[in-house]
Amino acid sequence: MVVTRFAPSPTGYLHVGGARTALFNWLFARRMGGKFILRIEDTDLKRNTPTATRQVMDDLRWLGIQWDEGPEVGGPNGPYLQSQRRDLYDKYVKQLIDEKKAYYCFDTPEELDALRKEAEAQKKNFIYPRPKDFPGESDVEKAKARDKPAAVRFAMQLTGIVVTDVVRGEVKFGPGEIGDFIIQKSDGFPTYNFACVVDDYSMKVTHVIRGQEHLMNTPGQQALWKALGFGELPKYAHMSVTISETGGKLSKRERPEALRKIIKATQDIDLEKLAEVGNITLEEVETFIKAKTTPDIPSIDAMATYLGVALPEINVVDFFRSGYLPETMVNFLALLGASPGGDREIMPLDELIDCFDLSRLTKANSLFDRKKLLAFNTEHIRQAGGEKLLSHFKDYLKAVESPVISADDKMLEKILEICAGARTLADIERKSRFLFLADEKIEYDEKAVKKVLLKNNGLAILQIVRDKLAAMEQFTVENIENMLRSLAEEKQVGLGKVAQPLRVAICGTAVSTPIFDSVQMLGKENTLTRVDITLKKFGQSNDDC
RNA sequence: GGCCCCAUCGUCUAGGUAGGUCCAGGACACCGGGUUUUCAACCCGGCAACAGGGGUUCGAAUCCCCUUGGGGCUACCA
């Protein structure tokens, strides 16, 4: 049976690169009728974030990626947190040491650094100098007494290694190219390369599908696998890497960097206020701008919101909060660096699973194109249809704490219906939120006011519209439409000339749900109140125009 | 610096494993036009690529080599 796994380290939110790796593993397992395991690689105490595991699981679930074994669901090969598997790693480390396939070393970071610098100066690859005789337990005691760190290194095989990769074919590594790497850190935790091998074996993983950044780890892991006597190797598939628009691997750093750029490029920013909204000190803001430190994600987000700027989405939650559907993400990610062949693009999940094939993975790196993602989202919103879209929309509204959440299902369905063609859920929320604000809380967009109210007799027309609305007995979409259309005809102007002032009056902005429906949904009373407020507020300034 | 991977329109890609059906197809973006009560959506049309150089072959986007360019790794991170 095919067994795949996704093994993130809990250092933060799940980002799209990780999501893609998880998705490919999951898709392949589903396709082959196999199992998909979630394993948390929390062996680096310094980098772990307490909430990260929770976050990653939430994000995977939002995408619809269910794990058959792993945290919370359990399974026969647990525990699924590496920090809880120390005994297993210790056992294998001991085995390797006993068999003289691994040895203790006591170098300080400074000593290693010096060796590395020397190698570089000689234009050579750094290879750790393996001692002739491996240190024994007594040496470990001695080192500890002198406060020297004791780590364990794997005595790497000296012959060359060939990695057989499903997407790249045979990749050869010459003899002596891979040095003795550390398998157990001085804090007693295993390193990634070691824990990964032990776990892939003990969890019976058959296919290791991961990013190309791991290709260079593979010869070492393969050698370890053999030294441990684990038998037949799993199949390896190293996928292309996702590149960002700014070049280089898509990384979590991009959001803070984008924010830093914006802050630097903007004049008159109240740094104290910025620190306050970001819940950090003024000093931290300053060091952040100087690119010396990076605040936490919530701080970054809060500051961006305060500045009213949109940062590029990187994490799965970012896309959720920007109004993308999980179906969009899954479809788009499944096709990034992979292709079903032919012209197929927008596909439902079962089809995605059906056509998934490791041999269709692309070798070249691919750029994450947000514009195309937007197009995918537009299409998926269109295709999602009633119930599913409604449920996604409600999830979204809750997450962004929109006032629109106060609407009942019928109302939300109506909004979704009249917003057909929207690109994101955020668009729909933006267009409809005016319906759920108090009449006196409407914020007027300066540009919109200038353009449609203070020009071309906007206010005068608005007054006429107001009177006609007030006189209307049946406040129906049809009547509202007829009234506005005939008024436009009467005045010999386009419908926009009479509709836009009304729109700005009730929404404060030039963009909203279609005007006839908007007015009807708002209701006669609120509409008139808002128009009156608008007329009063901008009435005087009309004289100078 | 060392090692490794990669190379078709601006972008994602089809075609490449079995060379001719490819003066290279689709999608997104972009440009032009249409539709339109805003923003979208929608409809029609257009622009646009086999990185360069050598081979092999009757014939190469497809096979080989070199150059160039991009990316990755080079941690007691994963």
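To find a chain, count down the sequence lines: A is the first, B the second, and so on, and within it residues start at 1.
An OP1 or OP2 oxygen of B:C76 is reached within less than 4.0 angstrom by a side-chain nitrogen or oxygen of A:Arg116. The side chain of A:Ser240 contributes no N or O atom lying less than 4.0 Å from OP1 or OP2 of B:G71. Between A:Arg344 and B:G26, a side-chain N or O to OP1/OP2 separation shorter than 4.0 Å is absent. In terms of phosphate contacts, A:Arg360 brings a side-chain nitrogen or oxygen within less than 4.0 Å of OP1 or OP2 of B:G15. For A:Lys185 and B:A75, the shortest distance from a side-chain N or O to OP1 or OP2 is not below 4.0 Å.
Comparing B:C5, B:U13, B:C76 against the side chain of A:Leu112 picks out B:C76 as the nearest. When each of B:U74, B:G72, B:C28 is scored by its nearest atom to the side-chain atoms of A:Asn125, the top-ranked nucleotide is B:U74. Ranking B:C73, B:C6, B:G26 by closeness to the A:Met216 side chain, first place goes to B:C73. The side chain of A:Leu336 sits closest to B:C12 out of B:C12, B:G71, B:A27.
Of all nucleotides present, only B:G34 satisfies the Watson-Crick or G-U wobble test against B:C42, with each distance under 3.5 Å. A 3.5 Å limit on both hydrogen-bonding distances identifies no Watson-Crick or G-U partner for B:U57. B:C23 is unpaired under the Watson-Crick or G-U wobble criterion, no partner having all donor-acceptor distances under 3.5 Å. B:G1 is paired with B:U74 under the criterion used here, namely a Watson-Crick or G-U wobble arrangement in which both key atom distances are under 3.5 Å. In a base pair of the Watson-Crick type (N1 to N3 plus N6-O4 or O6-N4) or a G-U wobble (N1-O2 and O6-N3), with each distance short of 3.5 Å, B:A51 is matched with B:U67.
Nearest-nucleotide positions on RNA chain B for A:Ala119 and A:Gly342 put A:Ala119 closer to the 5' end. Between A:Gly421 and A:Arg153, it is A:Gly421 whose nearest contact on RNA chain B lies nearer the 5' terminus.
In this entry the distance linking NE2 of A:His380 with P of B:A41 reads 16 Å, nearest Å. Between the CG atom of A:Leu115 and the P atom of B:U74 there is a distance of 18 Å, rounded to whole Å. Rounded to whole Å, atom P of B:G72 lies 15 Å from atom CG of A:Asn217. The interatomic distance linking A:Lys363 (NZ) with B:G72 (P) rounds to 19 Å, in whole Å. Nucleotide B:A78 holds its C1' atom 10 Å from the CD atom of A:Gln221, rounded to whole Å. Per the geometry, CD belonging to A:Glu177 stands 18 Å off P belonging to B:C73, to the nearest Å. Atom C1' of nucleotide B:A27 and atom CZ of A:Phe376 are separated by 7 Å, given to the nearest angstrom. Between the NZ atom of A:Lys123 and the P atom of B:C3 there is a distance of 12 Å, given to the nearest Å.
With ring centers used as reference points, A:Phe332 lies under 6.0 Å from A:Phe368. Annotation: A:Phe356 is in aromatic contact with A:Phe24 [ring centroid separation under 6.0 Å].
A:Gly337 comes within 4.0 angstrom of sugar-phosphate atoms only, judged by non-hydrogen atoms across all strands, and of no base. Counting any heavy atom pair closer than 4.0 Å across all strands shown, A:Ala364 reaches sugar-phosphate atoms only and no base atom. At a threshold of 4.0 angstrom between heavy atoms, the contacts of A:Asp427 with the nucleic acid are absent. Among the heavy atoms of the strands lying under 4.0 Å from A:Ala375 are primed sugar atoms or P, OP1, OP2 only; no base atom is included. Across all strands shown, A:Arg47 has heavy atoms under 4.0 Å from base atoms, whether or not it also approaches the sugar-phosphate. Heavy atoms of A:Arg382 sit under 4.0 angstrom from primed sugar atoms or phosphate atoms, though from no base atom. Contact annotation for A:Ile515: base contact, defined as any heavy-atom pair under 4.0 Å involving a base atom. Across all strands, A:Val241 comes closer than 4.0 Å to no nucleic acid atom at all (heavy-atom distances). Using a 4.0 Å heavy-atom criterion, one finds that A:Arg430 contacts no nucleic acid atom at all. Within 4.0 Å of A:Ser339, counting heavy atoms only, lie sugar-phosphate atoms of the nucleic acid but no base atom. Contacts of A:Phe516 with the nucleic acid, taken as non-hydrogen atoms under 4.0 Å apart, include base atoms. Residue A:Ser366 is in sugar-phosphate contact alone, with no base atom involved, counting any heavy-atom pair closer than 4.0 Å across all strands shown. Within 4.0 Å of A:Gln500, counting heavy atoms only, lie sugar-phosphate atoms of the nucleic acid but no base atom. Nucleic acid contact class of A:Leu367 (heavy atoms, under 4.0 Å, all strands): sugar-phosphate only.
When each of A:Asn315, A:Thr11, A:Thr294 is paired with A:Lys252, the side-chain hydrogen bond (donor to acceptor under 3.5 Å, both in side chains) condition holds for A:Thr11 and for no other.
Checked by atom type and distance alone, the side chain of A:Glu177 pairs as donor or acceptor with a backbone atom of A:Gly174 at under 3.5 Å.
Looking at A:Lys372, its side chain comes within 3.5 Å of the base of B:A27 through a donor and an acceptor atom. With hydrogens and angles ignored, a donor-acceptor pair under 3.5 angstrom links the side chain of A:Lys431 to the base of B:C39. The base of B:U37 is paired with the side chain of A:Arg503 by a donor and an acceptor separated by under 3.5 Å. At a cut-off of 3.5 angstrom, counting only N and O atoms as typed in the model, there is no donor on one side facing an acceptor on the other between the side-chain of A:Asn365 and the base of B:A7.
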* Asked: How far apart are the C-alpha atoms of A:Gln82 and A:Tyr89, what are their side-chain angles, what is the distance that settles it, and do they pass the side chain to side chain contact (heavy atoms under 4.5 Å, CB included) test?
  -> CA-CA 9 Å; A:Gln82 289 187 329; A:Tyr89 308 130; 3.2 Å; yes
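Taking the P atom of each, B:G69 and B:G33 are spaced 41 Å apart, rounded to whole Å. Distance check on atom P: B:A24 versus B:U62 gives 16 Å, rounded to whole Å. Only the C1' atoms considered, B:G19 is 11 Å distant from B:U56, to the nearest whole Å. Distance noted for atom C1' between B:A49 and B:C30: 16 Å (whole Å). If you take atom C1' in B:G16 and the same atom in B:A29, they sit 27 Å apart, rounded to whole Å. Spacing of P atoms, B:C4 relative to B:C66, comes out at 12 Å, to the nearest Å. To the nearest whole angstrom, the two C1' atoms, one in B:C64 and one in B:C47, are 35 Å apart. The P atoms of B:C42 and B:G54 are separated by 46 Å, rounded to the nearest whole Å.
Ring orientation note: the planes of A:His380 and A:Phe376 are tilted relative to one another, at an angle of 30° to 60°.
Looking at A:Arg210 and A:Thr218, their side chains do bring a donor and an acceptor atom within 3.5 Å of each other.
Here A:Glu41 contributes atom CD and A:Thr191 contributes atom OG1; the two are 10.5 Å apart, rounded to the nearest 0.5 Å. Between atom CD1 of residue A:Ile178 and atom CD of residue A:Gln222 there is a gap of 10.5 Å, rounded to the nearest 0.5 Å.
Side-chain contact between A:Asp139 and A:Tyr104 is absent, with no heavy-atom pair separated by less than 4.5 Å.
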